[in-house]
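For clarity, every value in this text was computed on a predicted model and none was experimentally measured. Residue numbering restarts at 1 for every chain, and letters A, B, ... go by the order of the sequence lines.
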Amino acid sequence: MPINYYIFLSIALFCIGIVGVLTRRNAIIIFMCIELMLNAVNLLLVAFSKMHHLNAAVSGNVTAGTDGQLFVFFIMVVAAAEVSVGLAIIVMMYRNIHSVDVNFLNRLKH
Amino acid sequence: MNITQILFWLLSVMALFGALMVVVSKNPVYSVLWLIVTFFAISGHYILLNAQFLAIVNIIVYAGAIMVLFLFVIMLMNLNKETEPQKNRWLKIAGALAGGCLLLVLVAALRNSEMQGQSAEVNTGDIGLIKNLGKELFSTYVVPFEISSILFISAMVGAVLIGKKE
Amino acid sequence: MKNVLNIVYLIPLLPLIGFLINGLGRKHLSKGLIGIIGSGTVLASFLISVWVFMQVKGGNTYVADYFNFINVGALSIPFAFQIDQLSSIFLLIITGVGFLIHVYSTSYMHEEKTEHFGRYFAYLNLFVFSMLLLVMGANYVIMFIGWEGVGLCSYLLIGYWFKNTEYNKAANKAFIMNRIGDLAFLIAIFWIISKAGNVNYGDVFAFAQGNKFTATDITTITILLFIGATGKSAQIPLYTWLPDAMAGPTPVSALIHAATMVTAGIYMIARSNILYSLSPVTLNIIAIVGLATALLAATIAMKQNDIKKVLAYSTVSQLGYMFLALGTGSYVAAVFHVMTHAFFKALLFLGSGSVIHAMGGQQDIRKMGGLNKYMKITNATFLIGCLAIAGIPGLSGFFSKDEILAGAFSQKPFGIVLYIIGLGTALLTAFYMFRLYATTFRGNFRGTHDQEHHLHESPAAITIPLIVLAILSIIGGYVGVPEFILHGAHSLKDFLAPVFAGSYQVFEAQGISHEVDHSTEWILTGVSTALILIVVVFAWNKFSKKPDTEDAAGFGKVLANKWYVDELYEKIIVRPMNGLGTFLNNVFEKSVVDGIVNGVGRLVNYSSRQLRLLQSGQVGSYVLLMVVSMLLFFVFQFFLRK
Amino acid sequence: MIPVLLIAIPLVTGLAAFFSRNEKLVRSWALFSSILTLAISILGLTIFSDAKYLEHHSAWMSTLGSSFSVKLDGMGQILCLLTAIAFPLIFISTWHSSYKKANNFFALMLLSQAGLMGVFLAMDALLFYFFWELALIPVYFLCSQWGGEKRIAVTFKFFIYTFVGSLLMLIGILYVYAHSQDHSFSIESFYKAGAALGHKEQTWLFWLFFVAFAIKMPIFPFHTWQPDTYEQSPTATTMVLSGVMVKMGLLGLIRWLLPVLPVAAYSWGNMASGMAVTGMIYASLIAIRQNDIKRLVAYSSIAHIGLMCIAVFSENKLALQGVMIQMFNHGINIIGLWIVIELIERQFGTRKLSELGGLAQKAPAMAILFVIIALANIALPLTNAFVGEFLMFSGIFGSNDITEYNILFTVLAGLCIILAAIYTLNMIRKIFYGDTVALTANVQDVKLSEKLALGIIVVLIFWMGVYPQAVLNITNDISDSILKLSDVHPMLKK
Amino acid sequence: MNVLILSAILGIVILFSGIYLKQKSNVRAIAIVGMAGLLLCNIWEMSSASFFHVNTEGMMRFDRFALLFISIILFSTLIYFVLSAKDMEKVGIHYAEYFALIFFILCGVVLVASFKSLLILFLGIEIISIPLYILTGSDKRNLKSNEASLKYFLMGAFSTGLMLMGITLIYGATGTFNVEQIQFTAEKPGVLPIAGMMLLLFSMAFKVSAAPFHFWTPDVYDGAPTVFTSFMATIVKAAVFIGFIRLFDETFGTFKEQWRLWIAIITVATLFIGNITAVFQQSVKRMLAYSSIAQAGFMLLAIFAMNSDAKEGILIYAAAYCLATIGIFAVLTKMSDYTFDGFNGLARQQPVVAALTTIFFLSLAGIPLTAGFLAKFYMLKAALSAGSNLWLVIFAVLMAAVSAYYYFRVIQAMYFKDGQATIQASPFFKGTLVILAAVIILLGMFPNLLLYWYYF
């Protein structure tokens with residue numbers, strides 16, 4: 001598969017994620033869109049890792065590209081951690097204001 | 001047009017469609033479900049790329065654990081179409097435009113990058129297998145692996161500290 | 001010969017000491033002591049001056065160099081005195097007349113409180129000191145020091161009665177007008193320095209005689225110096241301060257504003273005669289300005305009713321005469337007239353002072369009349385003064401004035417014009433002087449009854465100086481008996497010859513001669529004398545019978561109001577300047593200069609207020625802004641940037 | 001040795017002064033310290049005038065190429081002497097005016113003295129900048145703590161204004177430093193580096209420096225902080241500001257601008273002089289219309305400083321010597337004026353000319369002293385200012401090659417002599433002459449302390465007026481070297 | 001390495017001590033002593049004596065720069081603990097956890113300061129960020145705190161996404177995450193690395209709150225409990241800066257010209273927005289938030305210049321900025337009223353504290369003889385020696401003048417305005433402040449005290 005396809009695909013996902021962040025007001029949805037962005041990154045990473053593996057295979061380096069996939073692994077780790085904290089924060093906020101609307105939050109401005 | 005290509009297109013379309021639906025669907029619950037669909041599509045891509053380990057992890061961690069967590073929270077707050085806050089239209093359009101332009105720009109920029117002609121190997125190559133990854137992870141990447149434990153414990157502490165009712 | 005040099009510094013030093021003693025001890029010393037110190041110091045320096053005068057008869061010049069006043073790089077300005085014929089004459093006039101006036105003052109100012117009495121004498125001594133510095137200085141800087149010094153003293157003395165705001169304003173006016181002249185003087189000095197690299201008379205004149213100055217240089221320098229002179233010697237356009245200066249005590253008017261200070265300008269030009277001789281243009285300008293001033297002042301004087309004002313304007317007019325003399329290159333005549341004028345004008349002022357004293361401060365001649373019955377000596381001396389100034393043959397004024405007119409006549413090609421105008425001025429002088437005399441002393445008394453009761457002759461301290469000066473104004477002229485009357489009798493000319501030797505050479509080189517053949521001179525003199533006598537008799541009769549007590553009308557009004565020159569200056573200089581100042585202060589400074597500075601501050605504040613609004617508090621807008629800026633960055637990086 | 005003492009004494013005594021609560025004590029302490037400083041600086045002029053006592057170098061921030069090097073050259077001698085004389089005079093003359101938190105007041109005064117000394121002594125650009133700022137900070141606190149009712153805003157404006165200027169100067173310093181071969185801030189390497197720069201670089205460097213100095217002096221149109229600040233600050237501080245602090249700018253011009261950027265100074269000098277001369281006339285005209293004595297003197301000061309600025313840029317021995325001596329004279333005279341103004345304000349609580357009058361009758365001593373000082377201020381011969389202005393003028397007028405600029409500047413500046421006479425005499429007339437008004441009916445004359453201070457000033461005035469050569473000799477060499485360094489003709493040749 | 005491991009352990013220890021020790025003061029004692037210990041260990045390591053020998057496969061390198069920087073951070077944190085550890089009690093009941101989190105953050109700081117692999121950078125940034133989200137929201141009842149933490153979290157996560165995409169693109173171009181092996185030899189590398197670089201630039205700019213990615217800063221700093229604002233605004237910001245400068249020096253150093261312009265633009269924008277917006281603030285806390293943006297703008301000059309001066313400069317700047325700001329926040333935390341008027345007349349009630357606070361503000365404003373001056377001085381020096389960009393320097397300087405404006409507003413309030421503002425300051429507190437001020441001034445007079453360690 002030409003790598004460009006993957007690049008475009010994941011950039012598309014990435015941007016959709018951004019659009020989501022921009023267009024929604026529900027904190028949880030926004031957060032989900034961010035997760036989407038991360039996944040786009042993951043996909044691209046894997047694709048790249050495979051690409052590099054392919055290139056390196058010529059020179060006989062068999063382990064080339066593993067780091068890419070491991071990075072994905074770490075991203076997932078971090079994402080999990082982030083999610084736990086993030087949801088905790090959202091829940092806390094919901095407790096106080098009974099809403100997940102980010103526009104509801106504008107005590108702090110100017 | 002062999003089978004892999006067909007699969008590729010299918011999965012890509014599925015992923016993109018799912019992603020779009022996440023953004024547009026009014027009901028948060030639907031968004032979650034669509035997101036899960038997207039993740040499945042991405043996992044499919046992983047399998048295409050012969051990265052089984054990540055494919056599995058993606059299913060288990062993301063589609064499984066994380067999304068379920070989301071779902072729980074949403075249910076818990078019992079958010080639905082009615083409670084869903086709506087941005088005013090102009091902001092939405094502005095956001096969509098901005099995102100779209102960003103997409104255009106990046107695609108236009110990367111269209112004829114030095115990556116031209118390079119390609120990712122599909123359904124061959126064994127670096128995606130648990131064996132190799134594991135070896136790497138616990139030899140070269142052991143330090144970051146250990147370090148990520150710090151991340152986890154702080155996240156754990158945080159979740160407790162924040163989420164606990166007083 | 002040296003010995004006189006060794007003590008010449010005492011001449012200015014003694015008055016200075018007198019100033020210090022009187023100034024510091026004015027609260028503690030008695031009036032008598034103050035008077036003695038004040039007059040004594042001046043007398044002492046007078047005696048030394050006489051001695052000096054004797055020494056320089058030989059026709060030689062001495063420079064006494066004391067210390068380096070300023071010595072920077074190439075420029076070296078010594079604090080030095082130059083004693084020669086010219087300065088010695090002025091020394092005599094200053095200290096001599098000065099001494100008489102000091103004596104006069106001891107009585108005239110006697111009503112003052114002791115400390116003010118002391119202040120008065122301190123100022124007077126300080127003035128003598130500065131004046132001596134002015135004439136003794138061996139270079140332009142020292143002269144300038146004295147120059148401004150006398151200005152200061154005149155300022156202090158005009159404003160002596162400082163409670164009276166009008167007087168203070170007059171004092172300020174005098175000082176500032178002088179400053180204008182002084183500025184020109186200063187620039188002239190800078191010019192000389194930058195060209196000749198030196199300010200010592202000797203060197204500068206040598207430089208000039210070597211024709212090292214370019215024509216423009218010398219013309220500019222001389223004109224600038226002359227402007228300086230117009231300030232100090234009350235010539236057009238800077239003369240208006242002098243009449244106002246009559247605010248000061250009468251002896252001051254006599255000493256400063258008649259006898260000595262105002263002649264400083266003449267001294268300065270006579271001193272730098274070589275420079276002037278080298279620039280005929282300037283000479284013509286001086287002649288014209290001098291004549292114009294003489295005429296203008298004379299016309300004004302005809303309609304003044306304040307006794308001192310009349311004398312003031314006559315002073316201006318006489319000074320104009322002197323400048324005419326300078327302008328026509330007859331420097332000796334100028335110096336001669338300075339001398340004679342010092343005598344009779346001092347006499348007249350002191351006389352008027354005696355009158356005012358008797359009238360209890362009354363200065364308006366319309367309220368006087370017939371004073372000859374009450375104060376014999378004053379009357380007699382005043383009459384002599386009038387005759388002298390009018391130029392009646394035999395008195396000092398006649399000789400000097402006649403010489404000036406002759407000199408004017410000798411000018412080619414317009415000498416005749418100068419002569420006629422000069423003569424006309426002389427007639428006017430005779431007219432207003434006798435108008436003054438007749439209105440004051442003849443006819444019958446027009447003042448109030450108790451004034452009349454109070455009238456009396458002044459005490460000896462006042463009358464003795466009058467008598468001395470009267471004698472001087474009679475005999476003073478015989479040092480300069482003209483050639484055509486008695487050959488070789490013009491001792492003053494011979495005495496001053498060394499000073500003006502340079503100029504004479506220049507004139508010869510230019511082919512200018514001031515000689516008029518004797519027959520012509522006889523005619524000129526005869527005519528002028530005749531006319532003057534007629535005018536005198538006419539004025540005498542007219543005003544002793546029926547003085548013009550009513551206010552002047554028509555053209556007379558213009559004259560009475562001094563051609564409205566003060567008003568003119570007020571309109572075209574003072575008002576605009578103040579207006580500009582007000583504008584700058586209230587408008588420009590506040591709204592433009594400061595406005596810009598504060599504007600920047602306000603701009604910062606404003607933009608701060610506006611920028612705050614960017615911080616809307618909405619996550620959505622924050623992210624949107626971030627994405628948009630990212631977008632821009634990308635576009636620039638990838639598509640617009642080379 | 002001497003320079004270090006000159007800085008250290010006020011610094012240490014100042015810091016010590018913070019810790020005393022007793023006003024009388026701290027007052028005398030400050031006086032003692034300032035007199036000690038004066039003694040030291042006089043020693044530097046007389047007994048220890050040998051070069052080895054007048055220099056001190058010690059390593060400091062060596063990695064930055066800076067060092068703690070201070071030196072008393074001729075200009076330093078004069079200005080330090082001025083500073084050293086000024087402060088005792090100030091303390092004596094304000095002996096009777098009491099301040100709340102006196103310890104802070106006097107401590108800050110002494111600190112500002114230390115800063116000033118540093119500025120005048122520093123032979124290292126970075127050190128110079130340090131002291132430049134350090135002199136400012138105490139004055140800022142002094143003004144806004146003990147000043148008039150509008151003090152805070154006004155002083156703040158003053159501070160920000162000068163701060164901007166000094167920061168610009170900092171850029172200039174850094175730039176020259178970056179281009180110096182041995183990457184050093186020492187004045188010698190600055191002279192080398194600056195002269196080596198191209199004309200274009202020099203040009204904007206020139207303006208960076210000039211603006212900083214122009215704000216400090218101040219030169220039109222950077223002067224607007226000054227009248228307000230003088231009006232609002234406590235008079236003691238105003239004396240420091242106008243008597244000594246403005247000289248920082250002039251010193252900057254002479255020591256850090258002319259020799260460092262000779263070409264630019266040569267080509268832009270006329271521009272700067274033009275600004276200065278405009279400011280002179282402008283300030284004089286405004287001064288004529290002032291009703292507040294402090295503002296009047298403030299504007300007159302702008303005029304005087306402007307003249308000095310022009311003189312500096314005429315790059316001419318006479319002018320430079322004139323500036324040197326005039327810096328001292330102006331300081332002395334204006335402090336004298338402030339002392340009397342302080343007296344008047346303290347007695348009547350007003351500075352409005354329109355509300356005063358007739359003081360001469362009840363307070364002759366005050367009148368006489370004031371008149372003498374005022375007349376000295378308008379450069380009457382045989383007073384100190386005459387010598388300075390005479391030299392400056394003849395320098396500005398130039399030697400041999402008189403350009404139209406020379407004449408223009410001389411004449412315009414000369415006009416200010418006349419204007420100066422106008423406003424000064426008016427001030428004298430309105431304060432002292434005329435008849436007394438209700439307010440001034442029972443004025444009491446100068447007390448002993450003020451009489452002492454003013455007496456010293458008058459003595460100095462006449463001494464410098466009659467025998468200025470003493471001072472001129474001190475500054476002779478430095479003027480020569482400055483001119484030699486800033487002479488562009490050799491450079492233009494190459 | 002010492003610090004990384006030990007502070008992780010310390011974090012755990014504190015967690016448990018929170019459970020077993022009832023006395024809060026004991027917990028505090030452990031924290032402070034531990035921090036001092038960490039500092040010692042690090043200084044020890046600088047004299048090349050590491051307790052642990054871990055093969056990081058070239059993912060981290062503890063060179064002098066990193067170590068020296070870490071010591072600065074540790075010292076600041078120590079001072080921070082000493083000054084405001086007590087005030088953490090006010091925030092909430094989880095006293096020990098706060099300390100633990102801070103220790104974990106320090107691990108992240110170590111990572112960021114010493115990374116040689118983009119993975120480590122990523123982890124480090126995350127380890128710093130996630131606890132910060134929590135600390136920001138730690139005042140759970142306070143809606144402002146909630147809001148702040150949610151905003152911070154969402155935007156932080158977003159920027160993480162950007163960063164990851166950037167790293168990915170670079171990986172795609174080079175096939176490695178290791179800084180050593182990423183060698184862009186070309187003067188103008190391909191589109192991919194450029195895009196990646198830009199994305200990394202954005203995310204780093206976000207983390208150091210550089211305009212136009214600064215929007216979170218004022219709200220978060222304002223909303224967070226003041227004690228933690230102090231920590232975030234100083235130590236964390238400085239840490240991220242080191243990451244920033246290392247990243248662009250080592251990874252993208254070869255094609256400066258590509259990113260110089262962007263850095264310049266960002267610098268200008270940051271300086272402008274930070275300073276100008278700070279002028280009109282009414283709350284000192286919020287003003288300090290903006291001032292932190294402004295100071296970041298000045299630090300960006302170092303990245304712009306990217307030469308040896310810049311390296312030294314960023315060290316001094318970090319120290320100067322952290323110390324001064326910590327001191328100010330320590331005082332601010334004890335104030336009852338955060339507005340400017342809240343400071344009115346402090347000098348009368350607390351002359352010593354007021355004087356010291358003045359010194360801190362002077363240092364921030366960059367008055368000579370304070371560390372702040374030298375910091376700015378170095379920045380300008382670096383920027384000037386980096387070539388012809390005078391406009392930038394002049395702009396920075398003018399903005400510095402503006403900053404003096406709002407810093408001096410506080411000084412005015414303390415000294416020249418009448419008011420009853422006061423704080424209860426223990427002698428111990430005052431003593432620490434004195435030491436802090438002394439350090440700032442010493443640093444301002446003898447920068448070599450610090451730089452000595454860098455060179456020898």
(message) So which atom in B:Ser139 and which in E:Glu57 form the shortest heavy-atom distance, rounded to 0.1 Å?
(response) O-OE2, 4.3 Å
(request) Compare every heavy atom of E:Val191 with every heavy atom of B:Ala109, then report the nearest pair and how far apart it is. (result) O-CG1, 3.4 Å
More than 12 foreign heavy atoms under 6.0 Å from [atom1] of [X]: is that the case here?
X        : atom1 : value
E:Tyr20  : OH    : no
B:Ile93  : CD1   : yes
B:Phe152 : CZ    : yes
E:Phe51  : CZ    : yes

Can you tell me how far the [atom1] atom of [X] sits from the [atom2] atom of [Y], to the nearest 0.5 Å?
X        : Y        : atom1 : atom2 : value
B:Leu161 : E:His94  : CG    : NE2   : 4.5 Å
E:Thr56  : B:Tyr141 : OG1   : OH    : 12.0 Å
E:Glu126 : B:Ser154 : CD    : OG    : 10.0 Å

(message) Between E:Lys140 (side chain only) and B:Lys164 (backbone N and O only), is there a donor and an acceptor less than 3.5 Å apart?
(response) yes
(request) Answer whether the closest heavy-atom distance between the side chains of E:Met165 and B:Leu106 falls below 4.5 Å. (result) no
(request) Compare all side-chain heavy atoms of E:Ile130 with those of B:Leu151 and state whether any distance is below 4.5 angstrom. (result) yes
(request) Identify which part of E:Ile105 has an atom lying under 4.5 Å from any heavy atom of chain B, answering side chain, backbone, both or neither. (result) neither
(request) Using non-hydrogen atoms and a 4.5 Å limit, figure out which bit of E:Ile12 sits close to chain B: side chain, backbone, both or neither. (result) side chain
(message) Could you walk me through whether E:Tyr133 and B:Ile162 satisfy the side-chain contact (heavy atoms from CB on, under 4.5 Å) test, starting with their C-alpha distance in whole Å, then the side-chain angles of each, then the deciding distance to 0.1 Å, before giving a yes or no?
(response) CA-CA 10 Å; E:Tyr133 304 149; B:Ile162 294 282; over 6 Å; no
(request) Please lay out, stage by stage, how E:Asn55 and B:Val143 fare under the test side-chain contact (heavy atoms from CB on, under 4.5 Å). (result) CA-CA 8 Å; E:Asn55 171 18; B:Val143 175; over 6 Å; no
(request) Starting from the C-alpha separation in whole Å, work towards a yes-or-no answer on side-chain contact (heavy atoms from CB on, under 4.5 Å) for B:Ile150 and E:Leu123. (result) CA-CA 10 Å; B:Ile150 303 176; E:Leu123 283 176; over 6 Å; no
(request) Give the C-alpha distance, both sets of side-chain angles, the deciding distance and a yes or no for side-chain contact (heavy atoms from CB on, under 4.5 Å) between E:Met59 and B:Ile147. (result) CA-CA 12 Å; E:Met59 289 187 189; B:Ile147 287 171; over 6 Å; no
(message) Taking every non-hydrogen pair under 4.5 Å, which of E:Ile127, E:Leu15, E:Leu169, E:Leu119 racks up the most with chain B?
(response) E:Ile127
